[in-house]
Amino acid sequence: MHDLDPGSDGRVIRRSLEDPHAFGAIFERHFDAVYGYARRRVGADLAEEVATEAFVRAYDRRRTFDSERSDARPWLLGIAANVLRRHWRTERRRHEAYARVGGDADAVPEAALRSEVVVALDNLSRDERETLFLFAVADLSYEEIAEALDVPIGTVRSRLARARGRVRRHLGEHPTAAASSSDPKESFNV
Amino acid sequence: MSELELIRDLCSDGPFDRDARERVRADVAARTIGRRRILRPRRLLLSATGLAATAAAAGAVLLVAGPRGTDTAAAARVLRLAAATARQQPGLTNLGADQYLYTRSTNEYLDTVALRSGAFSALVPTSREIWLRRDGTGWLHQVAGTPRFLSERDRQAWIAAGRPALSGSTDTVIENSDGSTAPMASLDLPTDPDALYAKLHHDAAGFGGRTYAEMFVMIGDDLRENYTTPAQRAALFEVAARLPGIQLVDGARDTTGRVADAVAIDDGSHHERLALLFDPKTRALLGEQDALLAGNELGYPAGTVIGSAAYVEQKVADSVPSSVVNAAKH
């Protein structure tokens with residue numbers, strides 16, 4: 001694959017239709033974002049498989065990418081999110097294992113809280129969960145999530161509101177889980 | 001902490017493995033620029049285990065033997081006869097919203113596996129059964145056979161990797177997680193050859209010098225595991241007959257050994273010759289084949305067949321076997 005290309009992502013992807021090697025620039029630009037997102041969700045080993053699958057799908061579907069867009073990151077993270085949907089069971093087990101790592105007595109409430117977060121996430125629909133992860137973990141804006149998942153921005157808003165409300169309600173019903181509203185992205189909430 | 005902070009905490013991460021980028025880059029390159037997609041429809045990727053693979057008859061060097069004298073005209077004639085035949089065939093029954101398009105085929109694909117110990121390519125014959133609803137969701141059952149290697153170097157790399165299993169049975173739920181990609185685009189294909197040509201040409205226009213090869217790929221995709229009416233199939237063959245650069249190639253056989261008329265087009269960017277195979281007597285479409293041309297990046301000799309598929313059966317089904325459904329859930 002080629003080295004980084006100075007053009008916008010849209011132009012590079014457009015050019016890759018004729019010169020497939022040009023797609024290498026997209027890989028180099030966005031590998032850290034895609035792999036990093038997958039890694040935070042499913043761990044290092046599976047993240048390589050997810051990142052590979054995401055970039056292969058992106059390459060196969062590059063014809064559908066709007067060449068006027070300058071940044072392919074939301075699009076690529078959306079593809080990665082779709083790949084990750086299939087790995088929720090694995091991801092859930094990973095999160096559950098992480099939730100149990102509180103070894104000393106002081107950490108027990110924290111572990112319990114984490115466990116309840118996992119349960120709350122498991123109770124969400126897949127669409128709600130992916131939207132919430134893109135917002136909280138990938139740090140995408142509403143507009144970028146809409147682009148990533150190819151849904152209207154209003155859908156993003158409603159999915160996020162539902163997902164966050166359900167997680168809050170679940171945690172609110174748990175004695176160790178008192179979620180506050182101190183998050184800096186809170187101001188974007190609906 | 002807010003629920004967002006709790007989720008971020010749950011998804012905390014350690015330092016990056018510096019070699020990860022290199023491994024993923026190699027694997028992506030092998031699965032993209034290292035091969036074309038006609039024999040690997042998007043849906044197949046959903047079933048990929050990372051070690052799935054494919055093949056061709058060992059040592060098969062069929063499609064680069066050279067075109068016949070009147071190649072383009074002869075190829076167009078074969079396609080137009082196929083179109084006439086297709087038009088007269090009885091169509092499948094209507095595909096209801098709760099029904100499945102069932103397609104059974106035997107496939108042989110080249111796949112490259114990139115592991116920490118190195119990369120290797122293998123050829124594994126695979127039987128494939130797929131049940132698809134109109135919305136693109138469904139189930140896939142595949143059984144991979146004994147792998148073969150295209151070179152001793154590949155075989156040694158496989159041994160060095162600990163002889164990972166390349167064969168076996170896989171069952172997969174197909175969830176149409178491809179976002180806006182139309183799952184069964186063939187449902188809306190025009191039956192008028194002029195309109196269909198315009199549509200495919202528009203869709204492939206961005207491919208520059210590969211436009212006609214890409215149109216050929218699209219035609220193969222639409223014919224494979226998609227619901228098509230006799231009129232749509234006829235139109236697809238009519239459009240293929242109009243593509244500049246098509247040629248009739250001597251000496252082709254499908255994966256089951258049947259003699260075939262091979263209509264091919266060269267993809268100069270990927271250094272591959274793509275072919276549709278037809279029964280010389282019945283004019284029925286038998287399958288597809290993909291062979292390397294000189295200068296290919298895989299480094300194999302020109303004429304090496306790196307992918308093939310034989311269509312065996314297609315019908316509308318009301319249900320999916322419980323064995324497939326249950327296996328896919330675990």
Side-chain angles (χ1 to χ4, degrees), chain A residues 1 14-15 17-21 23-24 27-28 31-32 35-36 39-41 44 47-49 51-53 55-57 59-61 63-64 67 78-79 82-83 85-86 95 98-99 113-114 117-118 120-121 132-133 135-137 148-150 164 167-168 171 177 179-183 185-186, chain B residues 1-17 19-34 36-37 40-42 45-46 48-50 114 116 172-173 175-182 203-211 214 218 269-270 297 330:
Chain A
M1 292 187 177
R14 179 80 176 176
R15 186 159 63 254
L17 295 176
E18 188 163 9
D19 174 14
H21 291 82
F23 195 77
F27 176 88
E28 301 302 341
F31 172 77
D32 285 352
Y35 172 68
R39 197 181 146 108
R40 290 183 69 182
R41 291 191 49 184
E48 290 191 24
E49 183 182 324
T52 298
E53 187 66 37
F55 278 108
V56 169
R57 286 194 195 186
Y59 175 87
D60 285 344
R61 295 160 49 188
R63 183 163 50 91
T64 66
S67 60
I79 295 172
N82 281 328
V83 176
R85 286 170 188 251
R86 301 173 51 75
H95 293 325
Y98 177 69
L113 178 56
R114 286 172 176 159
V117 174
V118 177
L121 290 170
L132 187 54
F133 273 127
F135 187 68
V137 180
L149 300 180
D150 198 23
R164 296 183 67 180
V167 172
R168 279 186 192 140
L171 298 181
S180 70
S181 297
S182 61
D183 191 89
K185 289 188 83 172
E186 193 70 15
Chain B
M1 286 198 288
S2 74
E3 75 280 1
L4 295 179
E5 289 171 316
L6 289 167
I7 292 168
R8 286 186 200 115
D9 170 63
L10 206 57
C11 297
S12 59
D13 192 19
F16 269 31
D17 175 354
D19 295 332
R21 175 188 288 260
E22 192 173 335
R23 285 193 297 272
V24 174
R25 182 196 291 119
D27 210 5
V28 171
R31 290 177 57 184
T32 53
I33 60 175
R36 71 180 182 85
R37 70 183 175 91
R40 182 168 287 270
R42 283 185 298 275
L45 295 174
L46 295 173
T49 62
R116 288 173 174 79
T172 310
V173 181
E175 298 173 317
N176 182 29
S177 58
D178 281 351
S180 60
T181 303
D203 291 346
F207 286 80
R210 295 183 53 242
T211 296
E214 186 62 24
M218 290 174 178
S269 295
H270 290 122
E297 296 178 21
H330 296 93

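Atom set for the values below is all heavy atoms of this structure, side chains included, hydrogens, waters and symmetry mates excluded. Owing to the predicted nature of the structure, the values given are computational and were not obtained by experimental measurement. Per chain, numbering begins at 1; letters A, B, ... match sequence-line order.
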Fill in: Side chain to side chain, B:Val24 and A:Phe31, heavy atoms closer than 4.5 Å
yes
Discussion item. For A:Arg41 versus B:Cys11, what's the shortest heavy-atom pair and its separation?
Written reply: CG-SG, 4.5 Å
Worksheet, complete the sentence: Shortest non-hydrogen pair, B:Arg8 vs A:Arg40, comes out as O-NH2, 3.6 Å
Practice prompt. To the nearest 0.5 angstrom, please state how far the CG atom of B:Asp27 sits from the CD atom of A:Glu49.
Written response: 9.0 Å
Practice prompt. Decide yes or no on side-chain contact (heavy atoms from CB on, under 4.5 Å) for B:Leu4 and A:Arg164, but give the supporting numbers first.
Written response: CA-CA 8 Å; B:Leu4 295 179; A:Arg164 296 183 67 180; 3.4 Å; yes
Worksheet item: Can you tell me how far CZ of B:Arg23 sits from OH of A:Tyr35, rounded to the nearest 0.5 angstrom?
Response: 7.0 Å
Worksheet item: Given a strict heavy-atom distance threshold of 4.5 Å, which part of A:Ala51 is in contact with chain B: side chain, backbone, both, or neither?
Response: both
Worksheet item: Are side-chain heavy atoms of A:Val117 and B:Asp9 found at a separation under 4.5 Å?
Response: no
Item to complete: State, yes or no, whether a side-chain contact exists between A:Phe27 and B:Arg21 at a heavy-atom distance under 4.5 Å.
Response: yes
Fill in: Closest non-hydrogen atom pair, B:Leu10 against A:His95
O-ND1, 3.6 Å
Item to complete: Measure the CD-CG distance between B:Glu3 and A:Leu132 for me, rounded to the nearest 0.5 Å.
Response: 7.5 Å
